[in-house]
Asker: 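Before anything else, here's the structure in question.
Here the structure is a predicted model, which is why all the values come from computation and not from measurement.
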Amino acid sequence: MPCPTTYNKTMRVRDPKKRAKDFKEVALGLTAKQAIKEAQRCLQCKKPKCVEGCPVEIDIPRFISSIRDNNFLAGLKTIREYNLLPAICGRVCPQENQCQGACILGRKKTPISIGALERFAADYEAAINETETVEIAKPNGHKVAVIGSGPAGLTVAADLAKLGYDITIFEALHEPGGVLVYGIPEFRLPKKIIQREIEYLKSLGVKIKVNWVVGKTQTVDQLFEEGYKAAFVGVGAGSPRYMNIPGENLNNVYFASEFLTRVNLMKAEQFPKYDTPVKRAEKVAVVGAGNVAMDAARTAQRLGAKEVYIVYRRTEHEMPSRAEEVEHAEEEGIKFEFLSNPKEIIGDEKGYVKAIKCDKMVLCEPDASGRRRPDCSGEEFTLDVDQVIMAIGQTSNPILTKSIKGLKLWGAGYIEIDENGKTNKPGIFAGGDIATGAATVISAMGAGKRAARSINEYVMTLAKAPRQRKKSSKTAK
Amino acid sequence: MYKILHKQNVAPQVDAVIVDAPYIATNAQAGNFVVLRLHDRGERIPLTIADSDRQKGTITLLFQKIGKTTEEMGRLKAGDTIKDVAGPLGHPTPMKRYGHCVLVGGGIGSATLFPILKGLKEKRNKVTVILGARTEELLVWKDRFKEYANDLVLTTDDGSAGRKGLVTEALKDLIESSNLKIALAVGPIRMMQAVSEVTKPYGLKTLVSLNPVMVEGTGMCGACRVNIAGKTKFACIEGPEFDAHEVDFQELANRLGFYRDEEEQAMKKYKKRCNGRCKK
Ligand SMILES: Cc1cc2nc3c(=O)[nH]c(=O)nc-3n(C[C@H](O)[C@H](O)[C@H](O)COP(=O)(O)OP(=O)(O)OC[C@H]3O[C@@H](n4cnc5c(N)ncnc54)[C@H](O)[C@@H]3O)c2cc1C
Ligand code: FES
């Protein structure tokens, strides 16, 4: 399974048998002693590969040296210069493909557990109930709208608020946080961590309007009419993909987004204490092998399923999920059906799932992109299940993008932006999954950082322009 | 928080509330709906915007008390608040000058039809409205319809008002006797399906407003998917109106029944806990 050289197991985790029955966090983090010991292993490279591997180029050796020297808050401060959400990224980044994957030590032995150290620093601050005091510039009176409250939107909001902007976040759902609240389960990312970040944002003066579906409740033009100088679009790639195979609309076929939203956002696992139900099943097939699939599979198991299968058309080597999640899923007893491509979901006479029929696949030689394409072997098999969860990816949600006339899109409806987050429409910026297609928390944050910088430049030039005009008219007098 | 300004019982088990929601009222169009959540433990349910007033900044919601959430909502009074209301969602009904239109409503379906009637009249269409119910007192808002419609035809199963029989019989007669351009039907699935079957042989374009289970109502989850001409569509963003002749009503009915046990369980627990009196 996951390659041992890029995946480090320093962190304590709860007993698989126990944890698979509840929604409490699986990984427990490092103790201070462990963290220091791990930090001591760092070679403090002159040309650190880890930094190159980090999408937001955190000065990793610097933060690790602070932890090594028992100066945990200083370490955190370093991380925060680059990354607004260390407690979250420490938990959910695919470190094995990023910093840790690039760590020199990984060539021969185990790489430094950079994610665990990042998480440790952030958790330490929370545990001692400290909050970093940041300097906030004097209010500059400029209103900026942030649409969507996922990691991209939160980052833009924080960065601009610190510069003195008057920020309002508009969120379609009743709770801010984006995928962090409705997608990623509690056992992987406790909701109190996100709440803490949201509180922090509010302390910077950021306003949050929930139940605000921009494009419907208000259009972007209407926001501009209300005096917003610029808008950042970070609405995510929130529309589920499906396979278009027979039986996909049978009862007990869920799209992962619905299944996870019911549990994470609506707390359906506590039905009927909470009003939203979710169906519990005995045998579940989850189609796909990304983070979403692992989350859905492990959630189904926690809801009481006896057998849960990950059905994936390629092999363990191509699974896009974080290595740690695959390993945790395996420990918890999730089964893997590789080289299996669903072709039909079979229902009973009442319209409920009974089984899933799959083609057995073989991997062909790598194509031009270097990926090995799966192909039908000619064999098929049927798995008896009473629930199927489709987790084969997300695509763009058209509500907002279609409501902005002339907004340039690419591919399956994603927003085209330049390297600074600018769209083709003046005053409208974008970033995160809606610009890149479904990606990662850290890349959404990085995009938010860049967009914030460019929004600041844009509004400042906008603000200067009329004043210059005024000045020149004065001198003319 | 969204304040209830006014509340009224309009038929047995059917209430109307006027809710303070200025932004939603500003952008609301016929055919739109909202998704609401009563309180922190509540579920999100879709309700059609039955009427809206831009000046006053209010929307009217009509609901039948058939489940735990609607039952609970029925206990709220003017002055109480609803925690979350998001909207206006869904595609608006395409409004233009069609000529002679017929709107067919069953039960609570009239909530959806009323703004459509107003919109069609604004575009100077001739509109016949057929409303049907089991018995007279279940004919919701018939006076309001009368005010706007060119013709209002009522049908009841028991003959207590209007014509005795089903809406489909009245519809068939109307099709035979006039030059209809479009039909729009809203109501229980079986009624919409029956209307669809009546209009199909005549080639009369027919729209139905579908009411699948929804979660967030913004195209994010796929709970609301329906089968239209063999293709999966998300009713919350691609509907809720679809060409009736392309709808797989059987699948919709199946999917709507998916949580029936849970609905009953929640209702039973609710009634037991509060003995039919409490609010939350
Ligand atoms: C189940 C799951 C697990 C994942 N696991 C990981 C992981 O382990 N590691 C990782 O790095 N990444 C993971 N990802 C991916 C990651 O969460 C996303 O890449 C990231 O959240 C994208 O951030 P964003 O800010 O672009 O958008 P999102 O987080 O999608 O947030 C967008 C927000 O905008 C709101 N919105 C949408 N339309 C509107 C509108 N019209 N008006 C107002 N608001 C609107 C949405 O409701 C949402 O709250 C996972 C994703 C899922 C679904
Ligand atoms: S209700 Fe979730 S996609 Fe329509």
Side-chain angles (χ1 to χ4, degrees), chain A residues 171-175 179 182-183 209-213 215-219 222 235-244 248-262 265-268 270-279 347 350-352 390 394 396-400 402, chain B residues 2 21 23-24 26-27 32 34-45 67-69 72 83-90 213 215-227 231-232 234 236-238 248 250-255 257-259 261-263 265-270:
Chain A
E171 167 55 49
L173 295 173
H174 57 257
E175 226 176 272
V179 168
Y182 78 73
K209 292 200 179 189
V210 292
N211 300 319
W212 220 278
V213 189
K216 296 280 180 189
T217 315
Q218 268 185 307
T219 60
Q222 286 171 324
V235 294
S239 198
R241 263 187 227 275
Y242 44 90
M243 295 188 77
N244 265 319
E248 221 167 2
N249 295 349
L250 287 167
N251 282 350
N252 245 333
V253 179
Y254 277 109
F255 293 169
S257 338
E258 181 191 349
F259 186 72
L260 291 171
T261 301
R262 281 181 181 271
L265 182 71
M266 306 308 297
K267 308 206 167 52
Q270 294 181 57
F271 176 87
K273 185 174 160 197
Y274 283 76
D275 291 341
T276 307
V278 65
K279 284 286 181 187
K350 285 190 185 144
Y352 283 70
M390 287 288 164
Q394 286 89 244
S396 70
N397 181 321
I399 288 192
L400 181 74
K402 277 208 178 138
Chain B
Y2 299 75
Y23 284 98
I24 301 177
T26 303
N27 285 357
N32 286 151
V34 295
V35 167
L36 63 80
R37 191 176 73 131
L38 294 180
H39 48 73
D40 277 332
R41 289 187 184 175
E43 61 180 338
R44 295 171 64 100
I45 61 158
K68 192 240 170 188
T69 302
E72 201 174 354
K83 181 90 200 281
D84 303 296
V85 183
L89 302 172
V213 171
V215 180
E216 85 308 331
T218 60
M220 186 263 276
C221 76
C224 63
R225 62 194 189 272
V226 288
N227 187 335
K231 286 213 174 76
T232 294
F234 290 5
C236 69
I237 53 167
E238 296 173 282
D248 183 338
Q250 184 54 47
E251 185 188 285
L252 177 62
N254 268 356
R255 289 182 61 81
F258 185 39
Y259 293 103
D261 293 348
E262 285 79 5
E263 279 159 25
Q265 189 189 347
M267 188 71 160
K268 233 189 236 158
K269 182 173 169 255
Y270 178 64

Asker: Pick one of side chain, backbone, both or neither for Leu260(A), based on which atoms fall under 4.5 Å of a heavy atom in chain B.
Answerer: neither
Asker: What part of Asp248(B) gets closer than 4.5 Å to chain A, counting heavy atoms only: side chain, backbone, both or neither?
Answerer: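 Interface part for Asp248(B): neither.
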Asker: By a 4.5 Å heavy-atom criterion (distance strictly below it), what part of Glu262(B) contacts chain A: side chain, backbone, both, or neither?
Answerer: both
Asker: Could you grab the distance from atom CG of Leu400(A) to atom OG1 of Thr218(B), nearest 0.5 Å is fine?
Answerer: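 Taking CG in Leu400(A) and OG1 in Thr218(B), the distance rounds to 11.5 Å.
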Asker: Under 3.5 Å, is there a donor-acceptor pair linking the side chains of Asp84(B) and Asn211(A)?
Answerer: yes
Asker: When heavy-atom pairs shorter than 4.5 Å are enumerated against chain A, which of Val35(B), Thr69(B), Val85(B) gives the highest number?
Answerer: Val85(B)
Asker: By a 4.5 Å heavy-atom criterion (distance strictly below it), what part of Leu173(A) contacts chain B: side chain, backbone, both, or neither?
Answerer: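 It is both, since atoms from each part get that close.
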Asker: Drop me the distance from Leu250(A)'s CG to Arg255(B)'s CZ, to the nearest 0.5 angstrom.
Answerer: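 Rounded to the nearest 0.5 Å, the CG-CZ separation comes to 9.0 Å.
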Asker: Which residue is it: Glu216(B), Lys83(B), Arg44(B)? I am looking for the one with a side chain to side chain contact (heavy atoms under 4.5 Å, CB included) to His174(A).
Answerer: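 Answer after filtering Glu216(B), Lys83(B), Arg44(B): Arg44(B).
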Asker: Please find the pair of heavy atoms, one from Ala86(B) and one from Ala172(A), that lie closest to each other, and give the distance.
Answerer: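 Closest heavy-atom pair between Ala86(B) and Ala172(A): CB-O, 4.4 Å.
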Asker: May I ask you to name which of Phe255(A), Phe259(A), Trp212(A), Tyr182(A) has the most heavy-atom pairs under 4.5 Å with chain B?
Answerer: Phe255(A)
Asker: At a 4.5 Å cut-off on heavy atoms, which part of Lys231(B) comes close to chain A: side chain, backbone, both, or neither?
Answerer: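 Looking at Lys231(B), nothing touches chain A.
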Asker: Looking at Tyr242(A), I'd like to know if the NZ or CZ of Arg225(B) sits under 6.0 Å from its six-membered ring centre while staying within 45 degrees of the ring's axis.
Answerer: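 No; the conditions do not both hold, so Arg225(B) does not lie above the ring face of Tyr242(A).
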Asker: Which atoms of Asn397(A) are under 4.5 Å from chain B, going by heavy atoms: the side chain, the backbone, both sets, or neither?
Answerer: side chain
Asker: Show your working on side-chain contact (heavy atoms from CB on, under 4.5 Å) between Ser239(A) and Phe234(B) and close with a plain yes or no.
Answerer: CA-CA 10 Å; Ser239(A) 198; Phe234(B) 290 5; 3.9 Å; yes
Asker: Using non-hydrogen atoms only, which part of Phe271(A) is less than 4.5 Å away from chain B: side chain, backbone, both, or neither?
Answerer: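 Just its side chain gets close to chain B.
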Asker: With side-chain contact (heavy atoms from CB on, under 4.5 Å) as the test, would you mind laying out the steps for Tyr259(B) and Lys279(A) before giving the verdict?
Answerer: CA-CA 8 Å; Tyr259(B) 293 103; Lys279(A) 284 286 181 187; 4.1 Å; yes
Asker: Measure Lys273(A) against the heavy atoms of chain B and call it side chain, backbone, both or neither at under 4.5 Å.
Answerer: both
Asker: Measure distances from Thr261(A) to the heavy atoms of chain B and classify the residue's part below 4.5 Å as side chain, backbone, both or neither.
Answerer: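 The side chain, not the backbone.
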Asker: With a 4.5 Å cut-off on heavy-atom pairs, point out which of Gly67(B), Gly217(B), Pro88(B) contacts chain A the most.
Answerer: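 Of the options given, most contacts go to Pro88(B).
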Asker: Where on Arg37(B) is there a heavy atom nearer than 4.5 Å to chain A: the side chain, the backbone, both, or neither?
Answerer: side chain
Asker: Let's test your reading of the structure: which of Asn254(B), Val34(B), Ile24(B), Asp261(B) forms the most heavy-atom pairs below 4.5 Å with chain A?
Answerer: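 Among the listed options, the one with the most contacts to chain A is Asn254(B).
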Asker: Out of Lys267(A), Lys350(A), Glu175(A), Gln222(A), which one racks up the most heavy-atom pairs below 4.5 Å with chain B?
Answerer: Gln222(A)
Asker: Which bit of Gln394(A) comes within less than 4.5 Å of chain B, counting heavy atoms only: side chain, backbone, both or neither?
Answerer: neither
Asker: What part of Val235(A) lies closer than 4.5 angstrom to a heavy atom of chain B: side chain, backbone, both or neither?
Answerer: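 No part of it gets close to chain B.
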Asker: Non-hydrogen atoms of chain B under 4.5 Å away: do they reach the side chain of Lys216(A), the backbone, both or neither?
Answerer: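 Both parts, heavy atoms under 4.5 Å.
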Asker: What are the two closest non-hydrogen atoms of Pro240(A) and Gly219(B), and how far apart are they?
Answerer: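 For Pro240(A) versus Gly219(B), the nearest heavy atoms are CD-O, 3.9 Å.
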Asker: Ile399(A), Thr217(A), Val278(A): which one forms the most heavy-atom pairs within less than 4.5 Å of chain B?
Answerer: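 Top option by heavy-atom pairs under 4.5 Å: Thr217(A).
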Asker: Roughly how far, to the nearest 0.5 Å, is CZ of Phe258(B) from CG of Asn251(A)?
Answerer: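 The CG atom of Asn251(A) sits 5.5 Å away from the CZ atom of Phe258(B).
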Asker: Between atom CG of Asp275(A) and atom CG of Asp40(B), what is the distance when rounded to the nearest 0.5 Å?
Answerer: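 It is 11.0 Å, given to the nearest 0.5 Å.
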Asker: Tell me, out of Asn244(A), Val253(A), Thr219(A), who's got the most heavy-atom pairs with chain B below 4.5 Å.
Answerer: Val253(A)
Asker: Could you tell me which non-hydrogen atom of Met266(A) sits nearest to which non-hydrogen atom of Gly42(B), and how far apart they are?
Answerer: CE-O, 3.5 Å
